[in-house]
Amino acid sequence: MIKANKLAYEYIRRDEEGNVEGIIRALDGVDLEIKKGDFVAILGHNGSGKSTIAKEINAILEPTEGTLFVNGLDVSDESKIWDVRQSAGMVFQNPDNQIVASLVEEDVAFGPENLGVPSPEIKQRVAYALEKVGMEDHRGSSPNALSGGQKQRVAIAGILAMKPKCIVLDEPTAMLDPGGRREVIKTLHELNKKEGITILLITHYMDEVTGADRVIVMDDGKIVMQGTPREIFSKVDEVKSHHLDVPQVTELAYELNKRGFRFPPGVLTKEEFINALLG
Amino acid sequence: MLYLDKVSYTYSPGTAMAMPALHEVSLEIPDGQFIGIIGHTGSGKSTLIQHLNGLVKPTGGVIYYNGRDIWDEDFSRKELRTKVGLVFQYPEHQLFETTVVKDVEFGPRNMKLENLEVQLRTFEALKTVGISDELYDASPFDLSGGQKRRVAIAGVLAMKPEVLVLDEPTAGLDPAGRDEILEAIFRIKRERNITVILVSHSMEDVARFVDRIIVMEHGSVKYDGSPKEVFRNYKELEEIGLAAPDVTYLTAMLRERGVGLPDVATTVEEAADMIERYCKH
Ligand SMILES: Nc1ncnc2c1ncn2[C@@H]1O[C@H](COP(=O)(O)OP(=O)(O)OP(=O)(O)O)[C@@H](O)[C@H]1O
Ligand SMILES: Nc1ncnc2c1ncn2[C@@H]1O[C@H](COP(=O)(O)OP(=O)(O)O)[C@@H](O)[C@H]1O
Ligand SMILES: [Mg+2]
Ligand SMILES: [Mg+2]
């Protein structure tokens with residue numbers, strides 16, 4: 001679905017006169033392969049290059065070096081930009097900046113309308129997308145009246161209505177309350193399982209990635225760790241050395257092991273913890 | 001000390017768009033407390049804290065700062081804004097200068113401090129939030145999301161406020177950055193004995209750092225107490241779009257399974273101590 005080979009991206013920083021002041025190598029030789037139907041989470045410190053990768057996948061930025069294919073399409077090929085964007089939809093952090101229409105259903109219809117989809121089919125797609133994110137009862141509401149979590153689900157529906165193969169979400173829960181976060185993460189897992197949509201989730205919340213198939217850790221433009229959540233979170237010290245953390249339950253087991261307990265490495269859920277403790 | 005007496009606020013009052021956001025909120029905020037405010041989106045957190053430095057005027061009730069009504073005619077709200085420093089929810093709304101350093105300098109310069117003092121405070125604040133000197137001359141708009149947030153916090157820290165109010169300051173920060181900033185704020189609070197008010201969606205962070213949690217729900221105060229007192233209501237909190245820290249659920253589940261822990265825990269440290277004590281008996 002996504003294949004990057006030695007992908008690099010450099011931002012050029014210029015002063016007021018337009019002279020080059022500095023070059024920031026935000027991505028530095030990234031090799032990445034994401035298969036169709038995978039649920040992949042990307043973790044990494046601030047400035048590690050996560051959003052830059054997301055923008056590459058969405059053909060907002062063109063690779064400085066290396067290659068990137070999305071759904072078999074070369075993102076450097078300008079004639080394919082719209083096909084790339086339709087294959088991999090993007091959802092951003094701030095729910096308020098993504099809403100364009102004054103009614104939920106119009107907002108969801110916006111993408112397919114731009115793609116030139118005929119109206120009867122747009123109706124179908126909007127109904128399908130709103131149902132998939134559990135917002136069908138709000139189709140006639142004003143997006144302003146929705147909670148943050150609901151707004152993000154509408155944004156996801158807007159992407160779904162374009163029938164993408166993959167959705168890239170750049171910190172979709174950063175501004176949400178705990179209830180909103182639960183809603184969004186649950187929705188993503190359902191889309192992944194039931195609709196087979198490939199999910200690429202960027203987040204700073206460790207507990208949101210425990211259900212992913214694979215976790216990728218970035219540091220200074222490079223991929224430095226890769227594996228299942230259990231593989232990643234069993235390496236507590238290494239994870240922390242990249243400015244990250246582990247879920248609270250994992251941390252608790254790790255702390256107790258220092259005090260002589262024997263929890264297996266990478267305990268991820270409360271159930272696992274309780275079973276290990278009570279044997 | 002801040003005192004809110006039945007503060008109410010309605011956006012666009014008297015119009016068809018009128019939107020009540022606060023209902024008779026009364027609060028006492030003594031000096032030197034570390035307070036967390038939690039609540040679902042739209043519960044009134046941001047509206048509430050914008051009252052504390054006189055950014056919005058209540059449509060009902062009175063706010064007192066050190067005993068004085070902040071909306072009295074001869075009360076200087078300009079000065080109040082340097083004493084009650086507010087870091088906004090969306091840091092990009094707070095950044096407007098051409099370089100990072102100029103941005104942080106803006107507050108202290110406006111306070112008519114000497115040049116040297118302005119610079120010292122600027123560098124100290126940038127160091128506190130973990131912005132390295134490579135970024136000093138960068139445009140704030142070219143920074144990553146987390147870097148922007150740090151610069152916005154530095155801008156307020158440089159004013160050395162008596163009350164520091166932060167609206168979701170760690171949203172978008174990486175975990176190390178979250179810890180770094182909260183620990184720095186905790187340290188500053190202790191050193192300068194200032195009051196800190198932290199609006200946050202991270203229950204784990206709130207549980208670790210604050211003395212007192214205020215839970216907002218539909219423009220009113222739903223709970224007001226220590227983290228332990230508040231998070232014991234984890235079932236009710238979930239019904240209003242919130243949660244407790246994961247270790248609170250874990251210790252509650254253990255108690256239900258007959259493990260004799262004295263109470264639910266709210267931090268990892270506390271849970272570890274409780275479980276260790278229980279198992280070594
Ligand atoms: N428009 C830009 N111009 C110049 N440099 C930029 C620009 N956008 C990002 N950068 C720099 O590129 C690097 C990677 O940034 P990126 O936004 O990809 O990080 P990120 O991993 O998404 O971080 P965060 O967790 O803070 O969102 C950082 O050093 C950042 O300062
Ligand atoms: N500028 C505004 N104009 C009209 N209504 C607003 C405005 N800002 C907030 N509100 C409304 O006031 C209520 C409280 O919002 P807010 O204080 O932003 O909550 P929180 O910070 O807890 O998410 C919500 O119903 C919100 O929609
Ligand atoms: Mg980013
Ligand atoms: Mg708010």
Side-chain angles (χ1 to χ4, degrees), chain A residues 11 13 15-16 21-22 24 26 43-52 93-96 145-151 170-171 173-182 204-207 239-240 242-249 251-252 254-256 258-261 270-271 273-274 277-278, chain B residues 38-43 89-90 92 98 130 134-135 137-139 142-150 168 170-180 201-204 237-247 249-250 253-254 257-259 265 267-269 271-273 275-276 279-280:
Chain A
Y11 291 97
R13 218 162 245 168
D15 65 12
E16 276 133 49
E21 249 184 2
I24 293 110
L43 304 176
H45 64 76
N46 291 133
S48 58
K50 304 179 298 298
S51 297
T52 306
Q93 192 181 71
N94 190 336
D96 296 315
L146 303 177
S147 73
Q150 291 173 327
K151 282 182 194 160
D170 193 355
E171 299 188 44
T173 59
M175 297 190 168
L176 306 186
D177 55 42
R181 285 175 49 200
R182 281 196 294 269
H204 288 301
Y205 287 108
M206 302 300 126
D207 54 352
V239 165
K240 289 191 177 182
H242 297 298
H243 296 250
L244 301 177
D245 209 344
V246 299
Q248 273 205 324
V249 173
E251 174 86 29
L252 178 61
Y254 176 75
E255 176 62 32
L256 285 169
K258 283 198 240 161
R259 306 182 188 187
F261 284 71
K270 295 187 273 293
E271 290 73 20
F273 182 99
I274 293 174
L277 183 72
L278 304 180
Chain B
I38 61 177
H40 63 76
T41 30
S43 60
Q89 182 165 358
Y90 302 109
E92 51 276 27
T98 52
E134 295 145 44
L135 291 176
D137 293 322
S139 159
D142 289 348
L143 303 178
S144 80
Q147 290 164 336
K148 278 188 188 143
R149 206 164 265 286
R150 290 166 194 242
E168 301 183 23
T170 55
L173 288 188
D174 60 52
R178 221 137 70 194
D179 282 357
E180 211 174 279
H201 284 318
S202 166
M203 305 298 125
E204 287 77 17
L237 289 174
E238 262 180 46
E239 281 159 23
I240 58 173
L242 297 174
D246 230 19
V247 287
Y249 293 103
L250 177 70
M253 285 164 77
L254 283 170
R257 298 275 299 264
V259 176
T267 65
V268 170
E269 193 64 37
D273 290 345
I275 293 170
E276 185 181 26
C279 290
K280 298 215 162 140

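Basis for what follows: all heavy atoms, side chains included, without hydrogens, waters or symmetry-related copies.
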Heavy-atom pairs under 4.5 Å with chain A, option from [options] with the top count:
options                                : value
B:Glu204, B:Arg150, B:Glu180           : B:Glu204
B:Met253, B:Met203, B:Gln147           : B:Met253
B:Lys280, B:Glu269, B:Arg149, B:Glu238 : B:Glu238
B:Ser43, B:Gly172, B:Gly42, B:Pro245   : B:Gly172
B:Ala272, B:Ala171, B:Cys279           : B:Ala272
B:Pro175, B:Ala243, B:Ala176           : B:Pro175

Report which part of [X] has an atom under 4.5 Å of a heavy atom belonging to chain B: side chain, backbone, both, or neither.
X        : answer
A:Leu256 : side chain
A:Gln248 : both
A:Asp170 : neither
A:Tyr11  : neither
A:Ser51  : neither
A:Glu171 : side chain

What part of B:Ser139 lies closer than 4.5 angstrom to a heavy atom of chain A: side chain, backbone, both or neither?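 No part of B:Ser139 comes within 4.5 Å of chain A.
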
Where on B:Glu134 is there a heavy atom nearer than 4.5 Å to chain A: the side chain, the backbone, both, or neither?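 Looking at B:Glu134, nothing touches chain A.
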
Does the [X] side chain pair with the main chain of [Y], one donor and one acceptor, at a distance under 3.5 Å?
X        : Y        : answer
A:Arg13  : B:Ala138 : no
A:Lys270 : B:Asp246 : no
A:Asn46  : B:Asp174 : yes

Rounded distance (nearest 0.5 Å) linking atom [atom1] of [X] with atom [atom2] of [Y]:
X        : Y        : atom1 : atom2 : result
A:Asp177 : B:Ile240 : CG    : CD1   : 10.0 Å
B:Ile275 : B:Leu250 : CD1   : CG    : 5.5 Å
A:His204 : A:Lys50  : NE2   : NZ    : 4.0 Å

Quick check on the interface: out of [options], who has the most heavy-atom pairs with chain B under 4.5 Å?
options                               : result
A:Met175, A:Glu251, A:His242          : A:Met175
A:Asn94, A:Asp245, A:Leu176, A:Leu277 : A:Leu176
A:Leu278, A:Leu43, A:Thr52, A:Val249  : A:Leu278

Might you point out which heavy atoms bring [X] and [Y] nearest each other, and give the distance in Å?
X        : Y        : value
A:Lys151 : A:Asp96  : NZ-OD1, 2.6 Å
A:Pro95  : A:Gly148 : CB-O, 4.1 Å
A:Leu252 : B:Val268 : CD1-O, 3.6 Å

Restricting to side chain to side chain contact (heavy atoms under 4.5 Å, CB included), what partner residues turn up for A:Tyr205, sequence neighbours left out?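 Partners of A:Tyr205 by the side chain to side chain contact (heavy atoms under 4.5 Å, CB included) criterion, ordered by chain and then number, come out as A:Thr173, A:Arg181, A:Thr203, A:Asp207, A:Glu208, B:Arg178.
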
If the condition is ring pair (Phe, Tyr, Trp, His ring centres under 6.0 Å), which residues does B:His40 pass it with, not counting sequence neighbours?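 In terms of ring pair (Phe, Tyr, Trp, His ring centres under 6.0 Å), with neighbours along the sequence ignored, B:His40 is linked to B:His218.
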
